[in-house]
> 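Here it is, the structure in full.
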There are 2 protein chains.
Amino acid sequence: MSDFAPTEARLQVTRSKYPGFPRDPAALVRLIKHLYKEIHDEANAVMKPYGLNHPEYNILMMMYGSPDNSLNPSQLADAAGEKSANVTRLTTQLCEKGYVARASSEDDRRKVTLTLTPEGIALIESFLPDIVALLFRQTRKLDATEQAQLEVLLKKMLAGYGE
Amino acid sequence: MSDFAPTEARLQVTRSKYPGFPRDPAALVRLIKHLYKEIHDEANAVMKPYGLNHPEYNILMMMYGSPDNSLNPSQLADAAGEKSANVTRLTTQLCEKGYVARASSEDDRRKVTLTLTPEGIALIESFLPDIVALLFRQTRKLDATEQAQLEVLLKKMLAGYGE
DNA sequence: AGTATATAGTTCAGAGATGAATAATCAATA
DNA sequence: TATTGATTATTCATCTCTGAACTATATACT
């Protein structure tokens, strides 16, 4: 299992050498880093049988989370947390696989509309059972109350960025 | 500022299409993903003037968090959450820059010992003020109690992995 | 001792991600 | 309407990461 004790020990040593180093903020950042790594690696493993990786999964799910199954590249970049150059590459691959369709926008011809194809939707709904199981597994140590508390605190922390 | 509302809207749409999709676990995973992205990008920006990136910073800090400023590659991979192949590349670069020294181990000749040089320690202590400021900024929306609560919950969540 | 299995670290080829530059379009305004 | 400045998306060169194969050493077993 993922043991955080060594990280805490390292923080103590760091503080003994450099007393100004703030323990709690550093611990939070390192926890998030470790959690993200696990989330990323496990999502990659689950998606591999479907010929997708974690970023591609994210792209597809952001579009699926839109009422008409479509988003612009810039919206996708924001939603999926990917750089725009990366969105171009990822969506090109998904287009080649037939899961996404590219169309230029009517009203603003700079914009591009990316839409899930029926094949894309079918693919999503084929892997969602595995993803749902993964999500439950990743959060199984927290009861409903704790999940709600954690969500509040993470949102609060996220609010400190980009201001 | 980083607005999580669009993500919550997408989760609602997703659930309307696929009711079994668990809202809270998905929200937690997406929050962690967004937070990690911010942490990663901001750390990269802070370290750039020092000629380092976020992974290299992590490597150096893991060694600094060891009493004798040294770790094996496999310990480093575990501590920094990097793949071993990546640790080899990163530490080779740090060796070339003169911040880290490589030595083969006495007792077990398969092992390698990586140690911070005086230059490496000096570098760390030169950028730590910037890092400390960053850490305070990243957690400034949370008071001490909330930071402690968040740490407990994140640790609990992390405990659900790799078992 | 000899053989098999495990562990530590590296190498390498291919995949993935990033920043900076570019092209196309739109909006504002003089 | 011509010019200037934003905005949108893409391209490209470069840098970074990954999994799988490989080398070397150590440990366990017969």
Side-chain angles (χ1 to χ4, degrees), chain A residues 33 36-49 51-59 62-63 70-97 100-115, chain B residues 33 36-49 51-59 62-63 70-97 100-115:
Chain A
K33 204 153 23 186
Y36 176 75
K37 177 189 174 296
E38 300 288 347
I39 288 168
H40 181 68
D41 288 352
E42 293 195 351
N44 270 328
V46 167
M47 295 313 293
K48 192 164 189 176
L52 299 173
N53 57 25
H54 185 211
E56 289 169 326
Y57 159 79
N58 280 325
I59 296 284
M62 294 307 112
M63 298 175 67
S70 73
L71 287 174
N72 301 323
S74 52
Q75 293 175 310
L76 254 183
D78 189 50
E82 294 287 342
K83 304 282 154 61
S84 64
N86 219 17
V87 169
T88 298
R89 179 181 57 84
L90 290 165
T91 55
T92 299
Q93 288 172 353
L94 293 169
C95 284
E96 283 165 359
K97 290 176 181 171
V100 170
R102 241 200 202 92
S104 48
S105 194
E106 300 284 304
D107 48 319
D108 185 340
R109 299 200 307 169
R110 291 170 303 182
K111 290 187 181 174
V112 165
T113 304
L114 297 158
T115 309
Chain B
K33 204 153 22 186
Y36 175 75
K37 177 190 174 294
E38 300 288 347
I39 288 168
H40 181 67
D41 288 352
E42 293 196 351
N44 270 328
V46 167
M47 295 313 293
K48 191 163 189 179
L52 300 173
N53 58 24
H54 185 210
E56 288 169 326
Y57 160 78
N58 280 324
I59 296 283
M62 294 307 112
M63 296 174 68
S70 73
L71 288 174
N72 302 324
S74 52
Q75 294 174 311
L76 255 183
D78 189 50
E82 294 287 342
K83 304 284 155 62
S84 65
N86 219 16
V87 169
T88 298
R89 178 181 58 84
L90 290 165
T91 54
T92 299
Q93 288 172 353
L94 292 170
C95 284
E96 284 164 0
K97 290 176 181 172
V100 171
R102 240 199 202 92
S104 49
S105 194
E106 299 284 305
D107 46 320
D108 185 340
R109 299 202 306 169
R110 292 170 303 181
K111 290 188 181 173
V112 165
T113 303
L114 297 157
T115 309

> Where the side chain of A:Thr88 is defined as all heavy atoms beyond and including C-beta, which of C:dC26, D:dT11, C:dT18 is the nearest nucleotide?
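Of all the options, the side chain of A:Thr88 is nearest to D:dT11.
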> Determine the minimum heavy-atom distance between A:Gln75 and A:Asn72, stating which atoms define it.
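Closest pair (atom of A:Gln75, atom of A:Asn72, distance): OE1-N, 2.8 Å.
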> Looking at every strand, decide which applies to B:Ser74 at a 4.0 Å heavy-atom threshold: base, sugar-phosphate, or nothing.
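The answer is sugar-phosphate, as B:Ser74 gets under 4.0 Å only of primed atoms, P, OP1 or OP2.
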> Taking 4.0 Å as the cut-off, does a side-chain nitrogen or oxygen of B:Arg109 come that near to OP1 or OP2 on D:dT25?
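Checking D:dT25 against B:Arg109, a side-chain N or O does come within under 4.0 Å of OP1 or OP2.
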> Send over the distance from B:Asn72 CG to D:dA26 C1', rounded to a whole Å.
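Rounding to the nearest Å, CG of B:Asn72 and C1' of D:dA26 are 14 Å apart.
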> Kindly point out which of C:dT11, D:dA9, C:dG19 is positioned nearest to the side chain of B:Ala85?
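My answer, after comparing the listed nucleotides, is C:dT11.
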> Carefully, step by step, assess B:Thr92 and B:Glu96 under the rule side chain to side chain contact (heavy atoms under 4.5 Å, CB included).
CA-CA 6 Å; B:Thr92 299; B:Glu96 284 164 0; 3.8 Å; yes
> If the cut-off is 4.0 Å, is B:Arg102 near the phosphate of C:dT10, judged by side-chain N/O to OP1 or OP2?
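True: B:Arg102 side-chain N/O within range (under 4.0 Å) of C:dT10 OP1/OP2.
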> Specify whether B:Tyr36 and B:His54 have parallel, tilted or perpendicular ring planes, treating 30° as the upper limit for parallel and 60° as the lower limit for perpendicular.
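If you compare the ring of B:Tyr36 with that of B:His54, the planes turn out tilted.
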> Does D:dT16 have OP1 or OP2 sitting under 4.0 Å from an N or O in the side chain of B:Asn53?
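So the side chain of B:Asn53 is within the cut-off, an N or O lying under 4.0 Å from OP1 or OP2 of D:dT16.
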> Could you check how far CG of A:Asp108 sits from C1' of D:dA9, rounded to whole Å?
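From A:Asp108 CG to D:dA9 C1': 11 Å.
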> What is the distance, to the nearest angstrom, from the CG atom on B:Asn58 to the P atom on D:dT16?
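So the CG-P distance, B:Asn58 to D:dT16, works out to 14 Å.
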> Check each of A:Thr115, A:Leu94, A:Val112, A:Thr113 against A:Arg102 using the side chain to side chain contact (heavy atoms under 4.5 Å, CB included) test, and report the only one that passes.
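Filter result, single survivor: A:Val112.
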> Just the rounded figure in Å: distance from P of C:dA8 to CG of B:Leu71.
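For the pair B:Leu71 CG and C:dA8 P, the rounded distance is 14 Å.
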> Taking OP1 and OP2 of C:dG16, is either one under 4.0 Å from a side-chain nitrogen or oxygen of A:Gln93?
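Result: yes.
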> Find which nucleotide of DNA chain D each of B:His40 and A:Gln75 is nearest to by heavy atoms, and output the residue with the more 5' nucleotide.
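Looking at DNA chain D, the more 5' nearest nucleotide goes with A:Gln75.
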> Could you check B:Glu56 against B:Met47 for side chain to side chain contact (heavy atoms under 4.5 Å, CB included), going step by step and ending with a plain yes or no?
CA-CA 9 Å; B:Glu56 288 169 326; B:Met47 295 313 293; over 6 Å; no
> Please state how far atom CG in A:Leu94 lies from atom C1' in C:dG16, giving the value in whole angstrom units.
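A:Leu94 atom CG is separated from C:dG16 atom C1' by 14 Å.
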> Does a nitrogen or oxygen in the side chain of A:Asn86 sit under 4.0 Å from OP1 or OP2 of C:dG16?
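A:Asn86 to C:dG16 OP1/OP2: no side-chain N or O under 4.0 Å.
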> Give the intermediate values and the outcome of side chain to side chain contact (heavy atoms under 4.5 Å, CB included) for residues B:Lys83 and A:Asp41.
CA-CA 11 Å; B:Lys83 304 284 155 62; A:Asp41 288 352; 3.6 Å; yes
> Checking all strands, does A:Asp107 fall into the base, sugar-phosphate, or nothing category for heavy-atom contacts under 4.0 angstrom?
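Touches sugar-phosphate only.
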> Rounded to whole Å, how long is the line connecting atom NZ of A:Lys83 with atom C1' of C:dG16?
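That distance rounds to 13 Å.
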> Please report the distance, rounded to the nearest Å, between CG in B:Leu90 and C1' in D:dC15.
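Between C1' of D:dC15 and CG of B:Leu90: 12 Å.
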> Distance check needed: D:dC15 C1' versus B:Met47 CE, whole Å only.
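Computing the B:Met47:CE to D:dC15:C1' distance gives 18 Å.
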> For A:Asp41, report the nucleic acid contact type (base, sugar-phosphate, nothing); a contact means any heavy atom under 4.0 Å.
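Nothing: the residue A:Asp41, judged by heavy atoms under 4.0 Å, touches no strand.
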> So does A:Arg110 get a side-chain nitrogen or oxygen closer than 4.0 Å to the phosphate oxygens (OP1/OP2) of C:dT22?
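No, A:Arg110 has no side-chain N/O under 4.0 Å of OP1/OP2 on C:dT22.
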> With respect to the phosphate group of D:dT7, does any side-chain polar atom (N or O) of A:Lys111 fall under 4.0 Å of OP1 or OP2?
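Negative; the distance criterion is not met.
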